[in-house]
Amino acid sequence: MAERTIYRLPPAGWSDFGAHIGQPKVRLEFSAEAGEDGMPLWERPIDIRHDDQEVSQ
């Protein structure tokens, strides 16, 4: 029987790795937890932008 990969939902506040690929100006934090390929499992924005001003979380 073939091994099945089990998908885990990201923790609250995190998105799947690659979710912000179309947003190059968004600064991201990556999870320390990685997949078998060594890439992070999740990412999340570290800045919130309001009217062109950055506010750190």
Side-chain angles (χ1 to χ4, degrees):
M1 179 182 261
E3 184 177 324
R4 291 184 0 181
T5 301
I6 297 174
Y7 177 76
R8 292 177 38 208
L9 292 174
W14 292 82
S15 301
D16 289 326
F17 179 70
H20 297 90
I21 197 162
Q23 302 170 358
K25 293 184 179 182
V26 175
R27 291 181 24 188
L28 300 171
E29 173 183 10
F30 299 98
S31 66
E33 192 169 351
E36 292 179 11
D37 59 0
M39 301 300 287
L41 293 178
W42 304 297
E43 66 188 36
R44 65 179 171 188
I46 56 173
D47 292 334
I48 300 174
R49 295 179 183 270
H50 298 284
D51 300 322
D52 297 328
Q53 293 180 334
E54 291 186 16
V55 179
S56 296
Q57 290 184 337

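In what follows, every heavy atom counts, from backbone to side chain, and hydrogens, waters and symmetry copies are set aside.
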| task | Any ring-ring contact (aromatic ring centres under 6.0 Å, His included) involving residues 17-38? Give me the pairs, sequence neighbours left out, ordered by first then second residue. | result | Phe17-Phe30
| message | Quick check on the hydrophobic clustering: are Val26 and Met39 connected, directly or via other members, by side-chain heavy-atom contacts under 4.5 Å? | response | yes
| task | Indicate the atoms forming the closest heavy-atom contact of Ser31 with Pro40, along with that distance. | result | O-CB, 3.6 Å
| request: Return yes if some donor-acceptor pair links the side-chain N/O of Glu29 with the main-chain N/O of Pro45 below 3.5 Å, else return no. | output: no
| field | Of all pairs that satisfy salt bridge (charged side-chain N to carboxylate O under 4.0 Å, His left out), the ones with a partner from residues 10-21, not counting sequence neighbours | value | none
| Checking side chain to side chain contact (heavy atoms under 4.5 Å, CB included) for the pair Ser15/Trp42: CA distance, chi angles, key distance, verdict? | CA-CA 5 Å; Ser15 301; Trp42 304 297; over 6 Å; no
| query | Just how far is it from atom CD1 of Ile21 to atom CG of Leu28, taken to the nearest 0.5 Å? | reply | 10.5 Å
| With a 4.0 Å cut-off, would you call Glu33 and Arg8 a salt bridge? | yes
